[in-house]
Amino acid sequence: MGRVIRAQRKGAGSVFTSHSKHKKGPAALRAVDYAERHGYIKGVVKDIIHDPGRGAPLAIAHFRDPYRYKIKKELMIAAEGMHTGQFVYCGKKAQLTIGNVMPVGNMPEGIIV
């Protein structure tokens, strides 16, 4: 019959449970809205944190909500060279610098992603 694969044993409880107590949350880019489709939106990196179980550090970026009076806190993967206090721009017309988010179709050919 053979052994039960380790990934299949994860649901069995005991020592095979997932260590998810200290995880910070899913890392994702901003949801694409009007500001990103037609221009750009500016945010600031407030903190760079470690997420257990993940190799790359996470950056907490604060963006102003374009529709309501509030601050949106986004959790994204920190690019190499990002630092706290750095302005990050997300959108179609953002410049090509470290930490900025833009569509792949707007990047020049030969650029390393």
Side-chain angles (χ1 to χ4, degrees):
M1 289 284 291
R3 295 179 65 135
V4 178
I5 301 170
R6 186 189 315 145
Q8 292 175 334
R9 287 187 278 161
K10 290 283 187 182
S14 181
V15 295
F16 296 112
T17 54
S18 168
H19 304 293
S20 59
K21 179 180 178 189
H22 299 290
K23 292 200 176 182
K24 306 296 187 251
L29 300 175
R30 285 188 76 248
V32 179
D33 56 358
Y34 184 87
E36 279 198 43
R37 282 194 305 270
H38 298 290
Y40 61 86
I41 188 164
K42 182 175 90 166
V44 66
V45 177
K46 288 291 186 181
D47 198 9
I48 294 178
I49 56 175
H50 170 71
D51 190 16
R54 187 190 301 268
L58 295 176
I60 299 174
H62 289 197
F63 292 92
R64 287 187 56 215
D65 192 322
Y67 306 110
R68 290 174 204 82
Y69 180 70
K70 65 193 285 190
I71 300 287
K72 291 271 192 172
K73 298 171 186 72
E74 301 290 337
L75 197 63
M76 55 178 60
I77 303 286
E80 188 175 355
M82 282 177 81
H83 55 87
T84 56
Q86 174 185 356
F87 291 118
V88 289
Y89 298 92
C90 299
K92 183 178 175 183
K93 296 186 179 173
Q95 288 184 345
L96 190 66
T97 56
I98 292 174
N100 288 358
V101 179
M102 60 189 300
V104 177
N106 290 24
M107 294 181 188
E109 286 188 30
I111 208 75
I112 298 171
V113 180

Taking the side chain as every heavy atom from C-beta outward, state whether Pro66 and Asp33 have any atom pair closer than 4.5 Å.
yes

Are any non-hydrogen side-chain atoms of Leu96 and Pro108 less than 4.5 angstrom apart?
yes

Answer yes when Glu36 and Arg30 have at least one side-chain N-carboxylate O distance shorter than 4.0 Å, and no when they do not.
yes

Of the non-hydrogen atoms in Ile48 and His83, which two are nearest, and what is the gap between them?
CD1-CA, 4.0 Å

Check whether more than 12 heavy atoms from other residues, nucleotides or ligands sit under 6.0 Å from atom NE2 of His22, and answer yes or no.
no

To the nearest 0.5 angstrom, please state how far the CD1 atom of Ile112 sits from the CE atom of Met107.
12.0 Å

Just so I know, are the side chains of Ile60 and Glu74 near enough to count as touching, which here means a heavy-atom distance under 4.5 Å?
no

Let me confirm one number: the OG1-CE distance from Thr97 to Met102, rounded to the nearest 0.5 Å.
9.0 Å

When rounded to the nearest 0.5 Å, the distance separating CZ of Phe63 from NZ of Lys70 is 15.0 Å

Are Lys46 and Thr84 packed together at the side-chain level, in the sense that at least one heavy-atom pair is separated by less than 4.5 angstrom?
no

Working to the nearest 0.5 angstrom, can you tell me the gap between Lys93 NZ and Gln95 CD?
13.0 Å

Side-chain heavy atoms of Asp65 within contact of Ile71, under 4.5 Å
no

Taking side chain as C-beta onward, heavy atoms only, is Val88 less than 4.5 Å from Met82?
yes

Identify the two heavy atoms, one from Glu80 and one from Ile98, that lie closest to each other, and give their separation to 0.1 Å.
O-CG2, 3.4 Å

Distance col, row Ile77:CD1 vs Arg54:CZ, nearest 0.5 angstrom, shows 4.5 Å

Please assess Val32 against Arg37 for the test side-chain contact (heavy atoms from CB on, under 4.5 Å), listing each intermediate value before the final yes or no.
CA-CA 7 Å; Val32 179; Arg37 282 194 305 270; 3.6 Å; yes

Is there a donor-acceptor pair under 3.5 Å between the side chain of Asn100 and the backbone N or O of Ala94?
no

Check step by step if side-chain contact (heavy atoms from CB on, under 4.5 Å) holds for Ile49 and Leu75.
CA-CA 10 Å; Ile49 56 175; Leu75 197 63; 4.1 Å; yes

pair Arg64-Ile41: side-chain heavy atoms closer than 4.5 Å
no

Under the 4.5 Å side-chain heavy-atom rule for ILVMFWY, direct or indirect, which residues accompany Tyr89?
Tyr40, Val44, Phe87

If you look at every heavy atom in Pro52 and Lys24, which pair is closest and at what distance?
CD-NZ, 4.2 Å

